[in-house]
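Here is the structure we will look at, set down as structure tokens.
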Amino acid sequence: GDVEGSGRASDGRIGWDKNFVGTGLRDLTAIELVEVKRTADPFRPAHLLATCSTVDLEERRDASGATSQLVRCDLADGVERWTFNSVTGLADRLDATSPGGRTMTIIYDDYRRVDGLLTPFRERIAVPGATVTYAANTISYNETVPDSVFAKPLR
């Protein structure tokens, strides 16, 4: 209900978005809904081969000389480029580009163990014109969540 709040969600059938600039609640397009469902999977980097039509592997070196693994994932609705840390093997970054050329970048960091799994507690999401950081204090897996949490808000 916060006028300045924002978020994007889905109940599995439809999706909605409430943006940052106060234009209110809107339904997601079919392409956006596919993206929301795909990005909602916290373990997606572990099974890219099952979701990509083709996969290519490259090694990338940054200005400091550190190396990382880059995985290019071709999808029906765009291309994803996943960067993995060569020491930890964890996902550091996702650059997702739509067929129209719009790129969203997600930086994953502050990994902590949750039920034995290393999980990013902070995600910085950058889209053209905006950057948002989501930071969690706690994360739990396999918790019972009431269906009402997934109901589309009225406004």
Side-chain angles (χ1 to χ4, degrees), residues 5-21 25-143 145 149-150 152:
S6 67
R8 183 173 267 198
S10 168
D11 65 5
R13 296 175 297 105
I14 61 168
W16 51 92
D17 176 271
K18 183 180 176 193
N19 73 18
F20 300 97
V21 294
L25 191 67
R26 69 174 183 86
D27 291 336
L28 296 180
T29 66
I31 291 173
E32 289 172 319
L33 183 57
V34 169
E35 178 186 313
V36 165
K37 288 179 180 181
R38 186 173 49 244
T39 59
D41 178 359
F43 304 112
R44 184 145 184 281
H47 54 263
L48 288 176
L49 293 177
T51 58
C52 303
S53 58
T54 60
V55 175
D56 291 315
L57 181 64
E58 301 173 13
E59 186 171 274
R60 184 176 281 172
R61 193 173 301 274
D62 69 15
S64 70
T67 61
S68 57
Q69 299 299 317
L70 176 85
V71 176
R72 178 189 164 110
C73 169
D74 292 314
L75 302 159
D77 61 339
V79 175
E80 293 178 338
R81 289 176 178 83
W82 289 85
T83 304
F84 293 87
N85 184 288
S86 62
V87 175
T88 65
L90 299 170
D92 284 336
R93 177 184 180 121
L94 165 62
D95 294 292
T97 305
S98 70
R102 179 178 170 259
T103 297
M104 170 185 66
T105 299
I106 304 174
I107 305 294
Y108 303 95
D109 65 4
D110 191 17
Y111 277 88
R112 302 179 205 169
R113 287 202 183 277
V114 177
D115 296 338
L117 302 170
L118 285 169
T119 304
F121 272 62
R122 186 172 35 248
E123 295 182 6
R124 189 175 73 235
I125 303 169
V127 296
T131 299
V132 177
T133 299
Y134 292 102
N137 293 321
T138 61
I139 295 176
S140 300
Y141 294 120
N142 298 319
E143 295 287 323
V145 179
V149 168
F150 299 100
K152 181 179 175 182

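Values below: every heavy atom of this structure, side chains too, minus hydrogens, waters and symmetry copies.
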Residues 78-111 vs ring-ring contact (aromatic ring centres under 6.0 Å, His included), sequence neighbours excluded, gives none
With a cut-off of 3.5 Å and sequence neighbours excluded, list every side-chain donor-acceptor pair involving residues 115-122.
unit_1	atom_1	unit_2	atom_2	d
Thr119	OG1	Leu117	O	3.1
Thr119	OG1	Tyr141	OH	2.7
Arg122	NE	Asp109	OD1	3.0

Atom [atom1] of [X] and atom [atom2] of [Y]: how far apart are they, to the nearest 0.5 Å?
X	Y	atom1	atom2	result
Asp17	Leu33	CG	CG	12.0 Å
Glu35	Glu80	CD	CD	8.5 Å
Arg124	Asp110	CZ	CG	13.0 Å
Ser10	Trp16	OG	CH2	6.0 Å
Asp27	Leu25	CG	CG	7.0 Å

With sequence neighbours left out, write down each residue that passes side-chain contact (heavy atoms from CB on, under 4.5 Å) with [X], or none if nothing qualifies.
X	value
Thr88	Asn85, Leu90
Thr51	Arg44, His47, Leu48
Leu49	Val55
Arg61	Glu59, Thr67

Apply side chain to side chain donor-acceptor pair (under 3.5 Å) to [X] and list each qualifying residue two or more places apart in sequence or on a separate chain.
X	result
Thr133	none
Asp74	Thr54, Arg72
Arg93	Asp95
Thr131	none

| query | Does Arg13 have any salt bridge (charged side-chain N to carboxylate O under 4.0 Å, His left out) partners at least two apart in sequence or in another chain, and if so, which? | reply |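 Listed in chain order: Asp11.
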Lys37 meets the salt bridge (charged side-chain N to carboxylate O under 4.0 Å, His left out) criterion, sequence neighbours left out, with none
**Report entry** side-chain contact (heavy atoms from CB on, under 4.5 Å), paired with Glu123, selected from Ile107, Val132, Ile106
**Finding:**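 When side-chain contact (heavy atoms from CB on, under 4.5 Å) is applied between Glu123 and each of Ile107, Val132, Ile106, only Ile106 qualifies.
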Taking every heavy atom of Pro45 against every heavy atom of Ala91, the minimum-distance pair comes out as CG-CB, 4.1 Å
Scanning both residues in full, the closest heavy-atom pair of Asp77 with Val34 reads OD2-CG1, 3.7 Å
- Task: State, with a plain yes or no, whether a side-chain heavy atom of Ile139 is found less than 4.5 Å away from one of Arg112.
- Result: no
